[in-house]
Amino acid sequence: MLFISIKFLYFFLPITYLVFWRLRTKSQRYVWLTITGYVFYSFWNPKFCALMALSTAVSYIAGLGFLRWQDARRRRLCLVIPIASDLLILGIFKYANFVLCSGGSLVRILDPSFHPPAFDIVLPVGISFYTFHTITYIVDSYRGTIRPTRNLFEFSCYVSLFSQLVAGPIVRFRQVEQDLENIDHPGQSRDVGRGWSFFVLGMIKKVLIADNIALIINPALANWRSLATVDAWLCMLGYTYQLYFDFSGYSDMAVGLGAMFGIRLPQNFNSPYKAVDISDFWRRWHISLSSVLRDYLYIPLGGSRHGEWRTCRNLAITMLLGGLWHGANWTFVAWGAYHGLLLVAGRYGVGLREAWPALLRRSATFLLVVIGWVLFRSESFPMASRLLQMMFTWNAGLHLAALPGLIALLALAAALAHWGPNTFEMKHQWGPAPALGLGILLVACMAFIYRGQQSPFLYFQF
Amino acid sequence: MATTTQLAKSTAPPRTKPLGRIAPLILAACFLLDVALRLVPPEWSSFRAWEAVRKFPLASGPFTPSYAYRNTKSYGDLANMANLPGLRSYRLEIFHSDRRGFRNRSEPAVPFRGILLTGDSFAAGSGVSDGDALGEQLAAASGVPVYNAAGWALSLRQVSNLRMSCGLVIWEMSERGSEGIPLQENVAEDLDQDLKWRLLHRIADHRTYVLLYGLWSYSPLRVLFSRAIRSLQNDRILPNPERNEVVVARLRNGDEFLFLPSEVKNYQQDRPTDPSLLLRVQSQLAARGIAFLVLLVPDKYVVYHDLLLTPGNQPGHGLWTDIAAERLRSVNIPAVNLTHLFRTNAERLLASRSYLYWPDDSHWSAEGIREAATEIVRSGAAQAQTCRPAP
């Protein structure tokens, strides 16, 4: 079930909301949010609820273990077993075929008649997100950053909270611990209006901007071999904004939904296309993932504490794995490597770069990001190389449909992304005219939702 | 004084609207509007009869019983599917159904002594008015009463309902509907096979089930919103994602014709034709003293392929209607194959821009139906099986 579906808007959300605010006790609200999380998830495939329940149970028991045992050996077991089980689940469902195919391709170099086996494995939606929720909970409990909860429903409510279940933001327990503890306080409803504002703005970003850009560029990118230079640039610029408005729109909706239930979810995007360099970009783009990678991978690897070479190595490893997290495809690994390389290169020549005007630095960073999205969007390396070739060599022609519409959408998206405030910078206090405008845009969103041509959120596939 | 007012204005808190009230209200209003519009007569939101008349098949037929539909700006299914307003051919469409839910302007005499017509949308008549549908044209051409029991499947229940003991049953079999001949006795079987509807069908009576299904499945608000969005999807403001739902080709006379992609793909491709079901039907009818005839209707693409400006050059097994007719005749099932007649006449009529199929529709036009009715009469089947006058 998508947030932008009739089922969700007319049935799931009102029922969840009305019942939630009718319930009075903490336990009742935990149980209700857990149930609704599983119902929400079961709309994709009810079978995979068991997988999420398993991951939840293992991590919850490990949390109890941390509360009970203080000796290092048992605590380590409580750390290793649930993380291993989470990574095993993730490995089987997300990476098994990738590993088999990649290994098989290597064997085929020696024996061309070899055909690697491939399993018919369906990737459970949101698995990359909820496994990261449980892993960060375990690691934080082990480190003593948080005190694990004894309340199973509080924990399962944290893992299966429908607003952030399938595409993030990756929420750490400590970020919502206080709100979960106070879930029965009357003051928890203070952010409901703000939540609706986030939700509506997110829907507008996704339905009116991202999906309409996708409608134009997706057919063109499906025929990537026939694109000319201008087509390739317009498509990649389109994808750059589509991805941002799609994912940040989803994140805004998630934050808004969280606020409707008194749970403040963290900011996931902070105007990333205003970044002045690549490390700045990663402080602004998918913040919940990049901070998890920083805190649970880069810093444990040694971070920047052991000299230049180790720092560069740690950056490269972090970005490679970050790329692989996005999907079981070598193009994602290449995208991660590309950003790792940019981050490493960015460590040099800082003084020179800072002498540049801010506009130039922003433009250069944006250009590098767009080039990176070529790898991210491409289904294969031939597609990526063809797109890059088209972008950087001149080939006359223009084949895109609805060009005036695309240019208008790109101009609007660029103005909002490069110069407009992001959702967290807004006050969410609307005067009559802006409120009317947002109301009209919401009706327009409903028209598109009724039409039924929305694409699923891009980050669902990860 | 003015200064004081201005000061008071400037220090007053800004008038803000909480979106927390407006947004849920808008969603609730959309929901209520959706529910309310479902209770509005469906002809208000349908572009042709077929959508409106199939909403509540409360009797044994596929259409809402005792229903009258009139639309002066009806247009073809293909122009609608592909969102090509420039290629619509607007026409008057009048559709009446009888109390059994079939397309007939009057109730038949029971026991019925004449021709029972069954089959799919070609026989029922899609995009044409009652007088131009096959039932009425065949009755006019043959002078024999015809009961149009067509609409969704091969249903023989009407033979019993009309207490037929002589006459002829014509099974119209369109080429594109040929993949698996449906034999269904209850229109509900044709509705959504989703689990919730199957469960409801078990526990509720037919009328409740059909009413609930009709109200649930057809949202006029969706139609209206879609029309608004589709008007923007004109390949200038937004791309038209449905353009490839049909094939647009130009005829030798310069006119543009729309075709179903499946018809283009299936051209000259053989498909399994198992006559065993039809043999069973034939023997059941013969036991009642009723004759049986199969009417084979070719795809629009088959008829117009050779008249295209650039016809596709597809090697194949030959025309499916020819193969099917041969298979049926080999087991003694009489069949009328319209393919060659249609091809010849389509070429003859090309210069006068008169067509056997609507340019914007996958179905035949009044002209094509007239040719079909004449051909059935010419085959002698209609007259040969006429009931003897009642004593």
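Letters A, B, ... are given to chains in the order of the sequence lines, protein chains preceding strands, and every chain is numbered from 1. Small disclaimer: the values here were computed from a predicted structure and weren't measured. Values below: every heavy atom of this structure, side chains too, minus hydrogens, waters and symmetry copies.
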Interatomic spacing from CG in B:L19 to CH2 in A:W430 - rounded to 0.5 Å: 7.5 Å
Top contributor to chain A interface from B:V223, B:I237, B:L25, B:I229 [non-hydrogen pairs under 4.5 Å]: B:I229
Find out whether B:F225 and A:I449 are in side-chain contact, i.e. whether some heavy atom of one side chain is under 4.5 Å from a heavy atom of the other. no
Does any heavy atom of chain A fall under 4.5 Å from the side chain of B:L238, the backbone, both, or neither of them? both
Does any non-hydrogen side-chain atom of B:L27 lie less than 4.5 Å from one of A:M446? yes
Check whether any side-chain heavy atom of B:F31 lies under 4.5 Å from a side-chain heavy atom of A:P14, and answer yes or no. no
Does atom CZ (B:R207) have a neighbourhood of more than 12 heavy atoms from anything else shown, all under 6.0 Å? no
When the 4.5 angstrom heavy-atom criterion is applied to A:L438 and chain B, the contacting part is side chain
Between OG on residue B:S219 and CD1 on residue A:I6, distance to nearest 0.5 Å: 7.5 Å
Checking A:I216, A:N212, A:L406 against B:P239 for side chain to side chain contact (heavy atoms under 4.5 Å, CB included), the one that qualifies is A:I216
Check whether any side-chain heavy atom of B:P241 sits under 4.5 Å from a side-chain heavy atom of A:L215, and report yes or no. yes
Spell out, as yes or no, whether a donor-acceptor pair under 3.5 Å connects the side chain of B:R222 to the backbone of A:Y450. yes
Counting only heavy atoms closer than 4.5 Å, note whether A:F198 contacts chain B via side chain, backbone, both or neither. neither
Flag side-chain contact, heavy atom, 4.5 Å: B:R227 against A:R451: no
